[in-house]
Number of protein chains: 2
Amino acid sequence: MAEIRPLIAARGAMATQDCNACPIRHRAVCARCEGAELDRLASMKSYRSWAAGETVALEGDMLPFVGTVLSGCATLTRSLEDGRVQMVGLLMPSDFVGRPGRATAPYEVTAATDITLCLFDRQRFEALLTDAPQVASRLLEMSLDELDAARDWMLLLGRKTARERVATLLALVLRRAAVDARPLRAQLPLGREAMASYLGLTIETVSRQITALKRDGVIRLEGGGRTILCDDLAALLIEAGDDGDGEMPG
Amino acid sequence: MAEIRPLIAARGAMATQDCNACPIRHRAVCARCEGAELDRLASMKSYRSWAAGETVALEGDMLPFVGTVLSGCATLTRSLEDGRVQMVGLLMPSDFVGRPGRATAPYEVTAATDITLCLFDRQRFEALLTDAPQVASRLLEMSLDELDAARDWMLLLGRKTARERVATLLALVLRRAAVDARPLRAQLPLGREAMASYLGLTIETVSRQITALKRDGVIRLEGGGRTILCDDLAALLIEAGDDGDGEMPG
DNA sequence: GTCCCGCATTGACATGGATCAATCGTCACC
DNA sequence: GGTGACGATTGATCCATGTCAATGCGGGAC
């Protein structure tokens with residue numbers, strides 16, 4: 001997913017930077033920090049990378065850190081005992097990972113692409129939280145945004161048809177990827193399986209709905225189905241069933 | 001819903017109390033406040049009640065306040081243009097209402113029972129937030145709990161069968177209502193329509209699944225289907241499809 | 001270039017839940 | 001006690017999506 005957010009630096013370059021130079025400060029938890037807090041953040045952080053497909057944390061794992069996504073894309077999933085899986089969040093660069101105040105991960109975290117995180121020791125971060133209001137209020141704001149996004153997704157999962165779900169996701173990806181280009185074009189960051197998991201559908205249904213949207217002239221495909229083009233975003237948003245201003249759950 | 005949480009005082013008594021005496025401080029946003037913050041909170045608050053069925057705020061409404069539920073029970077819903085509705089949260093006493101940092105309501109808020117809220121002027125509350133870390137961190141904690149709950153519900157909406165969904169909700173209500181009594185007994189706070197809205201199902205399906213669970217001896221009904229009894233919570237939790245430790249989205 | 005291998009697509013069929021419609025209970029009111 | 005209204009239940013049927021299975025396609029290794 002890094003490729004559709006060109007602002008984000010490649011991960012090799014990242015490992016030597018500190019919070020002051022963080023290219024994602026505009027959204028990340030340190031966005032409002034000043035001298036002293038930045039120094040504290042910088043003193044407790046480290047970097048770590050995972051390859052696409054690797055597990056960052058299993059449900060119930062001890063998580064000694066919290067952190068921020070620097071590059072790449074990770075998924076949060078919850079599953080039932082018989083193997084049914086639902087994606088409950090998609091982490092993009094600048095998104096926050098982990099849960100201050102809780103030692104174990106409530107869902108499985110998996111690297112969807114190669115990914116690098118900027119990690120903070122959880123307990124030291126919690127201490128910072130209690131006496132740096134900017135950090136706490138910034139994190140609160142991010143959490144509330146995620147809550148809104150999760151609730152939008154509940155509407156999709158509870159009430160939308162398969163075609164509407166697929167159209168919603170494609171519109172979301174297109175709007176993130178390219179606000180300017182015409183026609184809109186985006187490489188799908190997720191394979192069909194991850195899309196199905198996100199949308200509460202099966203792979204086959206996702207595939208059929210994409211084919212149907214293509215047949216009906218709403219989208220076009222390129223590069224073996226991994227790149228989508230759209231000439232008329234308004235038409236795609238109508239297919240999505242609402243005005244389409246929903247945000248992606250983080 | 002107030003009747004199943006006997007800790008909560010009746011609303012008539014509430015209107016003259018201040019934050020110090022708030023009977024729901026153990027969970028509410030003021031739970032960690034001390035002298036100065038409590039005084040500030042008390043100075044900006046007011047009380048207001050709505051009757052069951054009344055609308056507290058429509059999607060997109062200006063909301064000049066944030067607040068806390070004192071008594072009663074409210075629902076948060078999102079809807080599609082053609083009328084399909086999904087409940088995205090259920091507010092119980094001590095739950096937080098509204099969104100610091102945003103002027104308009106992102107979902108419709110409706111009183112499910114008679115309800116009383118303790119309201120704070122939004123802008124003054126935001127100011128408090130920036131310089132009272134206890135308030136910000138308490139609110140963060142509550143928001144993260146709601147986020148976890150919303151994500152649990154995404155698993156239900158995306159992957160559970162109708163029977164599992166109904167069993168999950170009934171187990172949730174039973175565990176909130178009565179931890180001690182045997183057999184477990186609870187008055188349903190929600191009618192069939194609200195249950196269906198919460199579960200992403202239709203009224204008819206909810207009704208059929210309740211009938212089926214009764215037929216199979218997992219639950220019993222009383223009082224015209226508004227009170228449920230359960231002799232074996234473990235059996236109900238198995239029907240719910242997971243270990244059942246999910247929380248209710250707030 | 002060819003052979004795999006993993007992912008995506010397509011097809012045939014089964015089914016869970018929605019839809020449409022009728023009936024039933026319960027409670028409030030007269 | 002009778003009546004109306006509203007929510008809940010039950011029944012019959014339909015259809016969207018899941019399931020199972022086969023085929024297609026593109027990219028990397030050699």
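With no hydrogens or angles considered, a side-chain donor-acceptor pair links B:Ser49 and B:Thr116 at under 3.5 Å.
Within the 4.5 Å cutoff, the side chain of A:Asp145 has heavy atoms near those of the B:Arg99 side chain.
Using a 4.0 Å cut-off between charged nitrogen and carboxylate oxygen, B:Glu59 and B:Arg78 count as a salt-bridge pair.
As judged by a 4.0 angstrom heavy-atom cut-off over every strand, B:Thr211 is placed among residues touching the sugar-phosphate backbone only.
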Check against salt bridge (charged side-chain N to carboxylate O under 4.0 Å, His left out), A:Glu146 and A:Arg151: CA-CA 9 Å; A:Glu146 286 186 23; A:Arg151 285 173 165 166; over 6 Å; no
Side chain to side chain contact (heavy atoms under 4.5 Å, CB included) between B:Tyr107 and B:Thr77, worked out: CA-CA 6 Å; B:Tyr107 4 77; B:Thr77 57; 5.9 Å; no
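In this structure, the separation between CG on B:Leu229 and CG on B:Leu170 is 11.5 Å, given to the nearest 0.5 Å. Taking CG from B:Leu63 and CZ from B:Arg102, the interatomic distance works out to 11.5 Å, rounded to the nearest 0.5 Å.
For A:Arg226 and C:dC7, the CZ to P distance is 9 Å, given to the nearest whole Å. Per the geometry, CD1 belonging to A:Ile228 stands 12 Å off P belonging to C:dT9, to the nearest Å. With rounding to whole Å, A:Glu222 atom CD is found 17 Å from C:dA8 atom P.
Contact footprint of chain A on DNA chain D: nucleotides with an atom under 4.0 Å from a non-hydrogen protein atom, first to last in 5' to 3' order, D:dT17 to D:dC20.
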Reading 5' to 3' through nucleotides 13-25 of chain C, protein heavy-atom contacts under 4.0 Å coded B for base, S for sugar-phosphate only, - for none: ----SSBB-----
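Among A:Thr168, A:Thr205, A:Asp216, the single residue meeting the side-chain hydrogen bond (donor to acceptor under 3.5 Å, both in side chains) criterion with A:Arg163 is A:Asp216.
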